[in-house]
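Pasting a structure here, questions to come.
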There are 2 protein chains.
Amino acid sequence: MTKARQATLAILRDAQEPLCAAAVLERIGVCCDQVTVYRSLHFLEENGLADSFILHCAEHGTERYYTAVDSLKDGYSGHHHWFHCEMCHRFLDLGDCQLHTLVAGYEAAHQITVKSHTLYFTGICADCQIQGH
Amino acid sequence: MTKARQATLAILRDAQEPLCAAAVLERIGVCCDQVTVYRSLHFLEENGLADSFILHCAEHGTERYYTAVDSLKDGYSGHHHWFHCEMCHRFLDLGDCQLHTLVAGYEAAHQITVKSHTLYFTGICADCQIQGH
DNA sequence: GCATGAATTGCAAATCATTTGCATATTTTT
DNA sequence: AAAAATATGCAAATGATTTGCAATTCATGC
């Protein structure tokens, strides 16, 4: 792995939330160019080191967000799902993917092979609910 | 509802799959402009008549896809989920949303209010599996 | 340890779905 | 039917992401 790709992966791992390319770029400093960040994110995802999803948010528009994939442990896929607060625009980690049974059911019912899925939730987080709207 | 909005909704209802703005435009003929299609789709979604999700596909790039929301029947939300075949690029209807329990669990566990979610699956459909790769 | 071909990077410019400004047309209200 | 409000069309802007290409760095064999 090149320096740029390592730096990108380290940033995703350190982040407590999904990051868009712009957020990675902000943190990566002079290490490399914006285009290299995009290419590194592609590389990481192709190689199973990162996950991504496209989310539209009133504040930030439509962007692809990336997370580092957890190292696999017993019974865990390393693939998380997220909640996005439409008021404070932060992400909340909902933990490891819970869709295995559902996916298996769809595969059996329709004779399809599901290779990946995108799932995220939006709404109001606990903090924003307390503060009223 | 204006003529453009009615025409857009009728197209979504007739379609057996999610449609992007370009696909709606193709079918809408001289009825209205491309910009009006975009605005009509926004209108339908804001008013609960359509659902949408953003999907990236090798063939068609990144686009937002819309479906008409079913009229509500007992125990059904009207909100469907879809499978997208990465070989033939078609959509398969997986039926009414099955996430109610999961959502309720997340809401209780994190004191959040989930207002919506995005879920879709990608992989290889039955037809493409038979045909080999 | 270094030459050599392959893969990666930086920069500038291109893409492309979607949005916006604004004048006109249509719809709704009174 | 006139006035006020809303929707539409057209042209141009936006903004995230991608691409071309020359220069640089990396991997590998000798």
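If you're wondering where the values come from, they're calculated on a predicted model, not measured in any experiment. All values below come from the heavy atoms of this structure, side chains included, with hydrogens, waters and symmetry mates left out.
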| query | For the residue pair B:His79 and B:His100, is the inter-centroid distance of their aromatic rings smaller than 6.0 Å? | reply |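 No, they do not, as the ring centres are separated by 6.0 Å or more.
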
| message | In this structure, how many angstroms lie between the C1' atom of D:dA16 and the OH atom of A:Tyr65, rounded? | response |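 Atom OH in A:Tyr65 sits about 11 Å away from atom C1' in D:dA16.
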
| said: Whole angstroms only, please: what is the CG-P distance between A:Leu55 and D:dT17? | reply: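 Interatomic distance, CG of A:Leu55 to P of D:dT17: 12 Å.
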
| query | Can the ring centres of A:Phe83 and A:Phe91 be said to be less than 6.0 Å apart? | reply |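 Not under 6.0 Å, so no.
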
| said: Expressed as a whole number of angstroms, how long is the span from A:Arg64:CZ to C:dT18:P? | reply: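 To the nearest whole Å, that distance equals 14 Å.
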
| message | Taking the side chain as everything from C-beta on, heavy atoms only, tell me whether B:Tyr65 gets closer than 4.5 Å to B:Leu55. | response |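 Yes, side chains in contact.
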
| Are B:Ser40 and B:Arg5 close enough that a side-chain donor and a side-chain acceptor fall under 3.5 Å? |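 Per modelled atom types, B:Ser40 and B:Arg5 side chains form no pair under 3.5 Å.
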
| message | Could you report the tightest heavy-atom contact between B:Leu72 and B:Tyr76, atom names first, then the distance? | response |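 The pair with the smallest heavy-atom distance is CG-O, 4.0 Å.
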
| request: Please check if the distance between the ring centroids of B:His117 and B:His81 is under 6.0 Å. | output: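 Yes.
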
| query | Between D:dT17 atom P and B:Glu63 atom CD, what is the distance in whole Å? | reply |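 In whole Å, D:dT17 P lies 15 Å from B:Glu63 CD.
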
| field | Distance, rounded to the nearest Å, where A:His60 contributes NE2 and D:dT14 contributes C1' | value |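 Atom-to-atom, A:His60 to D:dT14, this comes out as 17 Å.
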
| query | Nearest-Å distance, CG (A:Asn47) to C1' (C:dT8)? | reply |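 Interatomic distance, CG of A:Asn47 to C1' of C:dT8: 14 Å.
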
| said: Expected output is a numbered-order residue list: members of residues 33-46 of chain A with a heavy atom under 4.0 Å from any atom of DNA chain C. What is it? | reply: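 Only A:Asp33, A:Val35, A:Thr36, A:Arg39 qualify.
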
| message | Quick one, B:Thr8 and B:Leu41 - any side-chain contact, counting heavy atoms below 4.5 Å? | response |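 A side-chain contact exists here, since the closest heavy-atom pair is under 4.5 Å.
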
| query | Is the closest side-chain heavy-atom distance between B:Gln98 and A:Leu102 below 4.5 Å? | reply |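 They are in contact (side-chain heavy atoms under 4.5 Å apart), so the answer is yes.
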
| Which of residues 1-28 of chain A have a heavy atom under 4.0 Å from DNA chain C? |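 Contacting residues: A:Thr2, A:Ala4, A:Arg5.
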
